[in-house]
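Naming: A, B, ... by sequence-line order, numbering from 1 per chain.
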Number of protein chains: 2
Amino acid sequence: MKPSNEISSCKTCVYRKLLFDSLTEEEYQMVNSSRKEFIYRRGEIIRREGDPIDSFLYLRSGLIKLYKTDRNGKDHILSLNKPGDFISLLSIFSNSVYKYSIAAVEETKVCDIDLVILHKVVSTNNKFALRVLNRMSKVSDDIIESQFEIRQRQVKGRIAFFLLFLTNKIYRSHEFRLPITRREIGELISMTTENTIRTLSEFKKDGIISMEGRTINILDYERIKGISNTG
Amino acid sequence: MKPSNEISSCKTCVYRKLLFDSLTEEEYQMVNSSRKEFIYRRGEIIRREGDPIDSFLYLRSGLIKLYKTDRNGKDHILSLNKPGDFISLLSIFSNSVYKYSIAAVEETKVCDIDLVILHKVVSTNNKFALRVLNRMSKVSDDIIESQFEIRQRQVKGRIAFFLLFLTNKIYRSHEFRLPITRREIGELISMTTENTIRTLSEFKKDGIISMEGRTINILDYERIKGISNTG
DNA sequence: TGAGCGATATGACATATATCATGATTAGTG
DNA sequence: CACTAATCATGATATATGTCATATCGCTCA
């Protein structure tokens, strides 16, 4: 991890209207001056489960995973998050600790705002507080929702669901590079690495996707949708 | 569902200190006067997924389940909640709709506070707002946590985990009546009714629990803990 | 009070998924 | 550039779990 040298500000941030457009000039100055920016490379851990929450994290670019490690040392990925999502969960209001770990799955730029500053702004600007709240609760809602979707499917349906997730939510394209290893896909949808690989190979053999290493092309979108809906 | 006739107030509520002790007399009057109380019997649906959120619900006595119905009509229970837990999720701040259904699994008394009133108090009393926020985020945190615990175990471990949950979190006793059917247990821990029944029977045959209909007695707590930790 | 339905129970069998083994390929690193 | 370790890949087999069938029990309500 290293500090970013890029000159930037919340004002020019593309995600500004998601969050900061309700701040007064003074509030904005407070937030922006306390703000640090960090760059993490693929694999780097941004926060560990149990770390104290002392800042408000905001994903500027890249892709991260939220995950928890179980008692056997096996990781379970809760969600993949892209810019615009909040990383810090609601726990930041209870001044608690992280309930899961956060790692970069590709080069990722993170904004870091001191929690004391954020609290100050939140307590004086009601509109902003509500905005923060909304964005944050979305993260947990999404986790619960996707876990629900995963647990009602079996292997093929889960893989299909995951491919649709990448197609529609992450890349908005039928062609993309898998951002995570097959092992991580397994950790995300609760199945073994072997079965993940096997199922992707099967999809390829059946001609509904093409696959060259990490590069995937959704050839038969409707068929994948069908598998996601029935498997 | 029927209105409760019991004379009660937030002031004398046993859960008062969890939430209402930071209200001024005036705020308290506002909340308490808008407050309605309802009683639901076992099986009654309190809210359905998709219902608009127009009130703040608070569980006074009884036990409820939060659940979602999948595309095949199968229910998946997200959590069992007891008094002191908040039913309304954070979505109440975005004035949205329920993301899951809520049903009573035993006779349950629910306090219902008009959302407009709650918003008013929240926007003027910061301490209260934070309190509400904390209690509400706990519900989603708990759901995510328990789903994580379930998904890392297999059948026996899940049943053992569920028995420990009832023992430690719900009844605080080694002897209790199962609040839900075997089918619902399956819906909670993602397994079939048959396997749920089989596993409970096996635990009984092995002498680690006694079981007479819905009445369970944890005979060998350490053994169950062991199964929960390794299975 | 008894007809009927859901819950509990259990066995036989089918199937999904995990595990283990073994190579080939790829990516990172000195 | 070569070495090492991770990733990807696939088959054989074991195991966990689901499915289907059938029976009893015990409510609930007409």
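Using a 4.0 Å heavy-atom distance criterion, B:Arg214 is classed as a sugar-phosphate-only contact. Residue A:Arg183 is classed as a sugar-phosphate contact, given heavy-atom separations below 4.0 Å to backbone atoms only.
Using a 4.0 Å cut-off between charged side-chain N and carboxylate O, B:Glu202 and B:Arg198 make no salt bridge. A:Glu149 and A:Arg153 are joined by a salt bridge, as a carboxylate oxygen and a charged side-chain nitrogen come within less than 4.0 angstrom of each other. Using a cut-off of 4.0 Å between Lys/Arg side-chain N and Asp/Glu carboxylate O, A:Arg42 and A:Glu184 are scored as salt-bridged. Comment: A:Glu145 does not engage B:Lys99 in a salt bridge, judged by the lack of any side-chain N to carboxylate O separation of less than 4.0 angstrom. For A:Asp70 and A:Lys74, the salt-bridge test fails: no basic side-chain N is under 4.0 Å from an acidic carboxylate O.
Between the CG atom of A:Asn195 and the C1' atom of C:dC20 there is a distance of 13 Å, given to the nearest Å. The distance between atom CZ of A:Arg42 and atom P of C:dA27, rounded to the nearest whole Å, is 13 Å.
B:Thr196 contributes a side-chain N or O that, together with a main-chain N or O of B:Thr192, makes up a donor-acceptor pair within less than 3.5 Å.
Reading DNA chain D from its 5' end, the first and the last nucleotide to sit under 4.0 Å from a heavy atom of chain A are D:dT7 to D:dA12.
For C:dA9, one of the phosphate oxygens OP1 or OP2 lies less than 4.0 angstrom from a side-chain nitrogen or oxygen of B:Arg182.
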